[in-house]
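Naming: A, B, ... by sequence-line order, numbering from 1 per chain.
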Protein chains: 2
Amino acid sequence: MSGMSTDKLLIAAAAALLDSGGESAVTLRAVGAAVGVSHNAPYKHFKDRSALLAAVANDDFTMLTNAFAKIRQSSSKPLIKLQRALKAFIEYGQKHPARYRLLYSSPDLAAPGGDLEKIAFQSFVEFAGIVQEAQSSKDLPDVPNAALTGLLFASVHGLIDLEAGGLMRKEKGLSSATGTMALLIDLISRAGTK
Amino acid sequence: MSGMSTDKLLIAAAAALLDSGGESAVTLRAVGAAVGVSHNAPYKHFKDRSALLAAVANDDFTMLTNAFAKIRQSSSKPLIKLQRALKAFIEYGQKHPARYRLLYSSPDLAAPGGDLEKIAFQSFVEFAGIVQEAQSSKDLPDVPNAALTGLLFASVHGLIDLEAGGLMRKEKGLSSATGTMALLIDLISRAGTK
DNA sequence: ACCTGAACACCGTTCAAGT
DNA sequence: ACCTGAACACCGTTCAAGT
């Protein structure tokens, strides 16, 4: 821990605060205190609070991209790869809801043309590649890959977001994100490959 | 406007501020100023800032419930009703992104057992009824209604949320929420009715 | 190069008063 | 019953210094 540079320590502290108390808990004063510096020391490493949160998001996008790439390069069957990718994504969302929201539901952070948008796109490309393999193997219908990837991604995102918001208490049937995605894949795989 | 009671005026001002500047623009000082009262007059009508936002959410949930009910009671064919309900929902999300987020992506507001949860559930029930009609008419597959409703709702929610967050710039294929939902319905309707 | 402390302009919220 | 004004404890951010 002490071997890390101050900026890495600040990012780690911000990520930990997101997990423990949500976005509102990530005050520069709390981050500074966790690292043992003053409340405005972060300004020496990041432009402002948003830039610090963007750094957390950047690390998590990189992690997801690597996870997807690893699954894609594995020797599993296409549909199994897709299921594993979805499972990894859902589990990340469940374990780190505030960080998940930071990546996919924070309009202010995703500056167009910025580094964050590029790395976010990379993770999407990896996911799209996995979907493409399932299409090539005729496990998923032969519609444009971008459209199908968008559909699958939006669906899993909606499920994770609703789950994080606790919107699935009464509305049974939304019981499990994993189960609902399995239903979706089952239904569309029956649609035939054109 | 002047004929409205103060509490209604406060709710309307909060909704307008959500539309014009997002959640962070809804400060009690700004709300008070818009109505012509002091910054803590709202406390005489609502417990706190959260309760004022919950009142805005309550009104919008009621509006959506009524819109869904009207579509459901219309004489259109089941699949047309579903398309119209999705269209109304998507357009609400596009026109009022901050208010949409208030309803469906604000974990802190949806207190379990509260009035807000009840009215939110009512809108979901209306939507589920429309899905059920499309299943009864064999336009959608014969899987448990709650599961299919959950899938459709999560998907449209994910699309609206990603669109509101501007996450569909690079990721083409997510081009339009309406188009993606049409693809989803097309694919699952091909799955047959059991 | 990296950090601190005071200061400023904003918040939500509380409280004692005012009519 | 309904509202105001001052006050408090928090923010993010800036700035002049310190080492």
Side-chain angles (χ1 to χ4, degrees), chain A residues 1-58 98-99 101-102 106-111 114 116, chain B residues 1-58 98-99 101-102 106-111 114 116:
Chain A
M1 269 259 268
S2 310
M4 293 170 71
S5 57
T6 304
D7 50 350
K8 298 291 178 194
L9 287 171
L10 290 169
I11 294 172
L17 284 165
L18 278 167
D19 286 341
S20 61
E23 216 228 89
S24 65
V26 188
T27 68
L28 294 183
R29 282 161 172 86
V31 171
V35 175
V37 294
S38 79
H39 69 281
N40 46 25
Y43 285 97
K44 311 304 164 184
H45 302 272
F46 303 95
K47 182 176 167 283
D48 54 20
R49 179 177 179 274
S50 262
L52 172 59
L53 291 176
V56 175
N58 206 304
R99 282 156 70 178
R101 285 234 157 122
L102 191 66
S106 301
D108 302 337
L109 273 203
L116 195 56
Chain B
M1 265 259 270
S2 311
M4 293 170 71
S5 56
T6 303
D7 51 350
K8 297 292 177 191
L9 287 171
L10 291 168
I11 294 172
L17 284 165
L18 279 167
D19 286 341
S20 60
E23 217 228 91
S24 65
V26 187
T27 67
L28 294 183
R29 281 161 174 87
V31 171
V35 175
V37 294
S38 78
H39 71 280
N40 47 25
Y43 284 96
K44 310 304 162 182
H45 303 271
F46 303 95
K47 182 175 167 283
D48 53 20
R49 180 178 179 273
S50 262
L52 172 58
L53 290 175
V56 175
N58 206 304
R99 280 155 71 178
R101 285 236 158 121
L102 192 66
S106 301
D108 302 335
L109 274 203
L116 195 57

Check every strand shown and say whether [X] touches a base, only sugar-phosphate, or nothing at a heavy-atom separation below 4.0 Å.
X	value
B/Val26	sugar-phosphate
B/Val31	nothing
A/Asp48	sugar-phosphate
A/His45	sugar-phosphate

Is the closest side-chain heavy-atom distance between [X] and [Y] below 4.5 Å?
X	Y	result
A/Val31	A/Val26	yes
A/His39	A/Thr27	no
B/Leu9	B/Val37	no

Give the rounded distance in Å between these two atoms: [atom1] of [X] and [atom2] of [N].
X	N	atom1	atom2	result
B/Asp108	C/dG12	CG	C1'	15 Å
A/Arg29	C/dA7	CZ	P	14 Å
B/Lys47	C/dT14	NZ	P	8 Å
A/Leu52	D/dT13	CG	C1'	14 Å
B/Leu10	C/dG12	CG	P	13 Å
B/His39	C/dC15	NE2	P	14 Å
B/Glu23	C/dC11	CD	P	14 Å
A/Asp7	C/dC2	CG	P	9 Å

If we call it a pair only when both distances are under 3.5 Å in a Watson-Crick or G-U wobble match, what pairs with C/dC10? none
Partner of D/dC3 under the Watson-Crick or G-U wobble criteria, both distances under 3.5 Å, comes out as none
What integer number of Å spans the C1' atoms of C/dC3 and D/dA16? 13 Å
What interatomic distance, in whole Å, is found between C1' of C/dC11 and the corresponding atom of D/dC8? 12 Å
Does B/Asn40 make a side-chain donor-acceptor contact with the base of C/dG12, cut-off 3.5 Å? no
What do the steps show when you test B/His45 against B/Ile11 for side-chain contact (heavy atoms from CB on, under 4.5 Å), and what is the final call? CA-CA 10 Å; B/His45 303 271; B/Ile11 294 172; over 6 Å; no
Using the side-chain heavy atoms of [X], tell me which of these nucleotides is nearest: [options].
X	options	result
A/Val37	C/dT14, C/dC3, C/dT13	C/dC3
B/Lys44	C/dA16, C/dG12, C/dG5	C/dA16
B/Tyr43	D/dC11, C/dT14, D/dC3	C/dT14

Treating B/Ser106 as the side-chain partner and B/Arg101 as the backbone partner, does any N or O pair qualify as donor plus acceptor under 3.5 Å? yes
Hey, is the main chain of B/Val56 close enough, under 3.5 Å, to the side chain of B/Arg99 for a donor-acceptor pair?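 No.
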If only side-chain N and O atoms of B/Thr6 are considered, is one of them under 4.0 Å from the OP1 or OP2 phosphate oxygen of D/dC3?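 For B/Thr6, the contact criterion (side-chain N or O under 4.0 Å from OP1 or OP2 of D/dC3) is met.
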